[in-house]
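Working notes, structure below.
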Amino acid sequence: MRKILFLLVLWAAPLSAAQVTEDPLERQVLDIAGALRCTVCQNQPVSESNADLAKDMRAIIREQLRAGKSREEIVAYFVERYGDYILLKPPFDRSGALLWLAPPSLLLVLGGFAYLFLRRRLQAPAKDYPALSAEDRARVQAVRGQEKTHQTRRPE
């Protein structure tokens, strides 16, 4: 009896479930908020942030969409107040050109120096060191002999 009741509940549950629909306005809000940076969080989009400021920004976006403003007008509204920092992908302009071009140019310069250094280093002739005198050879052999005896001894 329990099995039959359980099967009836499983069969009837989808009949009473409502179809889930997505609000197009909310989709637009999240789309625009995904392009804006939360100024409180660390590089997190407004669409994913739970900070109070991000909630307020989403509410402003929603209000402006209801007022009939376009995506570009809404983004311009936030850029006017916060600057290009608010954009997760800021535009390439003259004021930020140094920040965009400095890392690759620095990498190229350092790579060039490394190439020249290694090329000179590999092409340099090996130095000829003077041969060891008989006295020096005897010292080296004596030291090597002492090392071997120390290695073969076991601590007591």
Side-chain angles (χ1 to χ4, degrees), residues 1-130 140 143-144 147-148 150-152 154-155:
M1 183 66 180
R2 286 185 184 175
K3 290 181 183 179
I4 294 173
L5 184 61
F6 180 70
L7 289 174
L8 282 174
V9 168
L10 283 179
W11 177 76
L15 295 176
S16 64
Q19 185 175 356
V20 177
T21 58
E22 184 179 39
D23 182 16
L25 179 68
E26 195 60 32
R27 170 59 31 216
Q28 286 181 310
V29 168
L30 292 177
D31 182 45
I32 295 170
L36 300 175
R37 180 190 323 266
C38 177
T39 57
V40 177
C41 310
Q42 293 182 351
N43 285 333
Q44 190 176 17
V46 171
S47 61
E48 296 176 8
S49 176
N50 288 327
D52 290 335
L53 178 64
K55 291 176 186 176
D56 292 342
M57 289 173 76
R58 287 192 299 266
I60 291 170
I61 294 170
R62 194 174 292 108
E63 288 172 15
Q64 290 190 0
L65 282 171
R66 284 187 184 134
K69 293 196 177 180
S70 69
R71 175 190 173 94
E72 291 76 23
E73 290 174 320
I74 296 170
V75 170
Y77 170 85
F78 285 105
V79 169
E80 183 180 312
R81 280 153 183 73
Y82 295 100
D84 283 338
Y85 174 76
I86 196 77
L87 301 173
L88 280 175
K89 294 181 181 177
F92 183 82
D93 60 350
R94 284 187 166 181
S95 63
L98 180 64
L99 294 175
W100 283 96
L101 299 175
S105 58
L106 181 64
L107 186 63
L108 285 173
V109 168
L110 290 177
F113 280 129
Y115 173 75
L116 291 174
F117 173 77
L118 290 174
R119 195 172 112 203
R120 286 183 190 157
R121 178 83 181 213
L122 292 174
Q123 290 178 351
K127 294 182 181 178
D128 286 335
Y129 293 102
V140 169
V143 169
R144 285 186 179 165
E147 287 177 358
K148 286 182 182 177
H150 285 294
Q151 290 174 356
T152 56
R154 293 188 179 172

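All residue numbers in this chain count up from 1 along the given sequence.
Within the model, atoms CD1 of I61 and CG of D56 stand 11.0 Å from one another, a figure rounded to the nearest 0.5 Å. C38 contributes atom SG, which lies 7.5 Å from atom CD1 of I86 (distance to the nearest 0.5 angstrom). Of the inter-residue distances, the one linking E48 atom CD with N50 atom CG reads 10.0 Å to the nearest 0.5 angstrom.
Inter-residue side-chain proximity for Q28 and R62 is flagged as unmet; no heavy-atom pair is nearer than 4.5 Å. Put simply, the side chain of Q64 does not reach to within 4.5 Å of the side chain of I32, judged on heavy atoms. Annotation: side chain of L36 is not in contact with side chain of L88 (no heavy-atom distance under 4.5 Å). Between R71 and I74, the closest side-chain pair of non-hydrogen atoms is not below 4.5 Å.
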Take I60 and R81 through the side-chain contact (heavy atoms from CB on, under 4.5 Å) test and state the conclusion after the steps.
-> CA-CA 13 Å; I60 291 170; R81 280 153 183 73; over 6 Å; no
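Atom CD1 of I4 is surrounded by 12 or fewer heavy atoms from other residues, nucleotides or ligands within 6.0 Å. A 6.0 Å sphere centred on CZ of F117 holds no more than 12 heavy atoms belonging to other residues, nucleotides or ligands.
Of all non-hydrogen atoms in Y82 and T39, the two that sit nearest each other are CD2-CG2, 4.0 Å. Looking at every heavy atom in both residues, S47 comes nearest to G34 through OG-CA, 3.5 Å. When all heavy atoms are compared, the tightest approach of A51 to S49 is N-OG, 3.1 Å.
Here the side chain of R37 pairs a donor or acceptor atom with the backbone of L87 at under 3.5 angstrom. Between the side chain of R58 and the backbone N or O of V46 there is at least one donor-acceptor pair closer than 3.5 Å.
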